[in-house]
Amino acid sequence: MNDVLRVARTHVLTAVRERITLFWFLIFPLLLLVLLSAIFGQIGRSGGMQFAVSLVDLDRGEERAFSDLVVRLFQTLASNEEASGEPLFALSLPGEDEDPTAFLETAREELLRGQRAAVVILPNGFGDAVLAGLGGASATPDAELRVLYAAGNAASEMARSIVLQVLARVDREILERAGRLDATTTVRTETSWVGGAGEQASYIDFLLPGIVLMGLFVNGLFGIPGSILFARERRILRRYWVTPLGVPRFLAGLSIGHVALCVVQFALLYAVGRFALGATVSFADAATVGLLVLAAATFMALGFVIASLAKTGNAGMAVANALNMPIMFLSGLFFPISGLPAALRVIVYINPASYLAAGLRARLGVDAATFPTALIVLVPLAWVAVAAVLVAVRMRWDVER
Amino acid sequence: MTAFRALLAAESRLLIRDRVALFFTIGFPLVFILIFGFVMGDVGETAASLGLYVASGVEQAVLQEVFAESGVTELRTYPSEEALVAAVTTGEVEFGASWDGADLRFVYHANRVQENPTYETIARSSLDAFELRRGGLAPAVPVRAEAVGGTPDVSWFHQLVPGILAFSILASGLFAVSGHVTGMKERGTLARLTVTPMRPVTLLAAIMAARLTLVLLSTTMTLLIAWWGFRLEFAVNWLRFVGLVACSTVGTMGLGTIIALVVRRASSAANAANVLSMGMLFLSGVYFPIEFLPGGLRALSQALPLRHMAEAMRFAIGVRDMSVGRFWGIALALAVLGIVLLPLLARYVVRADRR
Amino acid sequence: MTPEAALRVKNLCKRYGEVRAVDDVSFEAGVGTVFTLLGPNGAGKTTTLEILEGIRHPDSGSLELFGVAMDRVGRVTKQRFGVLLQEGNFEQYLRVREVIELFASFFDASRSVDEILEMVALKDKARAYVKALSGGQKQRLALGAALVNDPDLVFLDEPTTGLDPQARRNIWTMTDGLRRQGKTILLTTHYMEEAESLSDTVCVMDHGRIIAQGTPRELTTSLDRETMIEFAVGDLDEADVEKLRGCCAAIRRQGELLTVETEELVPTMEAILEWARLNEVSVRNMVVRQPNLEDVFLSLTGRRLRE
């Protein structure tokens, strides 16, 4: 037993001491966790994003109140008064002596080039039209407030949506002041959440399990073939084979060492997720731990599959790189995988990551399970069995035989 | 000239045999396009299916109209609130609304973390519109949203492809130096070559030419696959495209040179290049718009070459507009970066490795 | 067959396709002796050793280690011997001490780490990473790993190849020390001096076969010639060499170096000096010596040990 543990210890020490391994298995998943939660965790929350918006007031009509209202509202949103963090808009208005039409042209150009998210135009006669509208007349198309956005540009589409919401607020205010909105028209609203924890899951709770799985995956897919193949190539392994150690004990030690690394990785990710990013999801029950162990074992098995089939360390890494993305992306881990053509759906179904990801999310109450429990356990185990067979039959443990 | 041709032949052969380099240059973009093509399919229209329960049919027609206008793509009605809640819980519909004449209650699934903000937006605008419609009011502020842009049918996938192309050029150029050349130095191959009359510049030119050819082939192939496999139309301006690819290859080799010079150990250079390119990939607006980044990172993004390469590539293949001046400015800056660093790289090739 | 043999090999064969790497090899190594397999690269020495070490399987033949007959070497036998492989490495990022600890854990019984480090003079490098070791230090570490279980039988496969003279001498000293402790050493080498100075028995191998066996003394005196006269000459054409052949029967030429084998030292010496004077040949660095194993190999195969 001592020899097995020593081999395990060796595996851990060499992984930790080689800086680049340390980076990919510890630092990279951590960075990903922090970065993604910083970016996506703030969508829809104030203080997060900022859009460059141009506002042009072309209104020359008599009724100024409404145009002023709109302009003022946008200016407020563009200053730091309202939101915490960054203001929602980076607002651009024509200067005192600037020709508004020319300004509009420039703004349009910038919008086309993706340098601006939206352009808001208050046309001539806007104020009058609003006033008339309150009196019952319908507005002509010329007097409509226009929001220009760049189609197909995600940021611009989002800006459009936000601007429209802002304008809806203006709408309310005007109608309220005009006394049009009263008790009979006002609609009360309530929001409730169902499923999962019964209240809105935060993005970090959604993200953390995924990153944990990804970490285990990268570890197994790259770490195992890397260790074995490069050690074989550099004739480190053959020094072991002239001793009583033997292949089975070596494998046992390697596996234990690998699991130890996975535990360290998990602990770090969980600690950061929980204490720095506020995740509330808990991994502390037997079934979840079992699932994580199964995941670590399955991905380790995938690593062994690669190590059995590749001839050199570089070839193994190339294969790992090539498999990395399809397995990750075709597992539903990062985005839903409905609507795939049959060929790809087959891949999803044989991909053990699909089951593990679904299982983990379901266990943590973050998502409804999309696969039956039996499959969640059996498909990964099947892969472990496949790997065991391949290692026994095809793995070459020495440079020559 | 024969030295160049011989080196070019050798470099080309090496390149084809270097599986990792091949993967990043050809395989990576292809795999990416394939996967994203199938997985993302019709992104841009998030399916917003709504379940609706209206007590005793009150104002149902109005509500349905309002929801349809606010972006709901599919609407199903349910006979009771319990049935509605059940439908949302099981995922039969994405979110739900129930109206009893006084309260409009919205029901969301707690775990649709990424999609719920969209549904909440729909809910809010529906609420506003419904209020007005009930009171027979027209919106006080008449608003019209207009899409501008010469390429109206540009989806998120269209935006992704040029980013991927730019990344594969970046990876190829970086690893040509911080990987290939540094590897040659480590193995002593460089030392053996430099004691011959061969000028280092000839070797570098051969490496550059081999990479450039490969990258041109692979990017064109990727475009073809996107077009043929997923019916993505690109209005490629070939002059700009080839120009950008050439300048970018030179420029990214320059970047690779910086890495090789800063990271003294040859073996670490490739790792550093890998790490940096991955980091750039996330922060350069390839996967998601720059606007999503928090302020500090957004500023950092401005400094990343990949960001500008991706934007230029979008222009070159007709996905987004840009000023021609800015386009050639980017291309020129990249080319200059590479050319200016070329003598430093030549000196690196010749210099004995400090250990 | 003496009962005191630590190791017996009979009719060992290993082929790779058409090539007979080990061709009907038989020998015995006595307990407490240094038994050397001497031969050029590709002679089959390493293959033979690897079969004995258990990392290669023979096509046919029998082995007997420590009095136990076997077809192949298994785990139990491996507990009792130590191996220094010709080519091998340790994990770069392990410390010297950790390497010894690792290998010690593979055996049921092992010496203490400090003892081993002391034995191979790496005590002050105990905390150094393998990465930082010189070639000689790495080889000493490998030797330490080979001795960690205090084996009765030690395999040393080309232990000094690529080492500088000082490091080489260190290894020789350690090897001799092991022999004096009563251990049996099976050594392979293509260095003649190594075979001569360390060995009790030398087995000369070429193309997979044993072509001569005996003590170094027995082998060198098996040559009829008693003395070798070696000297360097300046520019010389074949005609002049032919003239020398007239008086000296066995002459070898390798570039500038001429070697004359003779049973009669003085007359031959005179003849050479006469020839040199007559033909105005400048003779330098003349050496008179006993025949060595290189000469033995040359006379048996017509080739040198090291090409």
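Every chain is numbered from 1 and lettered A, B, ... according to where its sequence line falls, protein lines coming before strand lines. What you are looking at is a predicted structure, and each value in this text was computed from that prediction instead of being measured.
Of the atoms belonging to B:R124, it is side-chain heavy atoms, and not backbone ones, that fall under 4.5 Å from chain A. With a 4.5 Å cut-off on non-hydrogen atoms, A:F66 does not touch chain B at all. Of the atoms belonging to A:L164, it is side-chain heavy atoms, and not backbone ones, that fall under 4.5 Å from chain B. Of the two parts of A:R172, only the side chain, counted from C-beta on, holds a non-hydrogen atom closer than 4.5 Å to a non-hydrogen atom of chain B. B:F282 touches chain A through its side chain: at least one heavy atom from C-beta onward sits under 4.5 Å away, while N, CA, C and O do not. If you measure heavy-atom distances from B:S125 to chain A, you find no contacts under 4.5 Å at all. With a 4.5 angstrom heavy-atom cutoff, A:I174 touches chain B only via side-chain atoms. For a residue to count as touching a neighbouring chain, one of its non-hydrogen atoms must lie under 4.5 Å from one of that chain's; by this rule A:L35 touches chain B with the side chain only.
Partner of A:L175 under the side-chain contact (heavy atoms from CB on, under 4.5 Å) criterion, out of B:L132, B:D128, B:V141: B:L132 alone.
Remark: the backbone N or O of B:L104 is paired with a side-chain donor or acceptor of A:T189 at under 3.5 angstrom.
Shown here for A:A143 and B:P142, the closest heavy-atom pair between the two residues is O-CG, 4.0 Å. The minimum heavy-atom distance linking B:R320 with A:L112 is given by the pair CG-O, 3.9 Å.
Atoms CD and OG, from A:E110 and B:S323 in turn, are 11.0 Å apart once rounded to the nearest 0.5 Å. The distance from atom CZ of A:R146 to atom CD of B:E146, rounded to the nearest 0.5 Å, is 4.0 Å. Atom NE2 of B:H109 sits about 13.5 Å away from atom CH2 of A:W193, to the nearest 0.5 Å. The CD atom of B:E120 sits 10.0 Å away from atom CD of A:Q165, with the distance rounded to the nearest 0.5 Å.
For the set A:R160, A:R188, A:E173, the count of heavy-atom pairs under 4.5 angstrom toward chain B peaks at A:R188.
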query = Do A:F28 and B:V275 pass the side-chain contact (heavy atoms from CB on, under 4.5 Å) test, and can you show the C-alpha distance, the side-chain angles, and the key distance before you say yes or no?
reply = CA-CA 9 Å; A:F28 180 66; B:V275 168; over 6 Å; no
query = For A:R108 and B:V148, what are the C-alpha separation, side-chain angles and deciding distance, and is it a side-chain contact (heavy atoms from CB on, under 4.5 Å)?
reply = CA-CA 8 Å; A:R108 245 190 112 97; B:V148 301; 3.7 Å; yes
task = Could you go through the side-chain contact (heavy atoms from CB on, under 4.5 Å) check for B:M322 and A:Q115 one step at a time?
result = CA-CA 9 Å; B:M322 181 189 274; A:Q115 290 163 317; over 6 Å; no
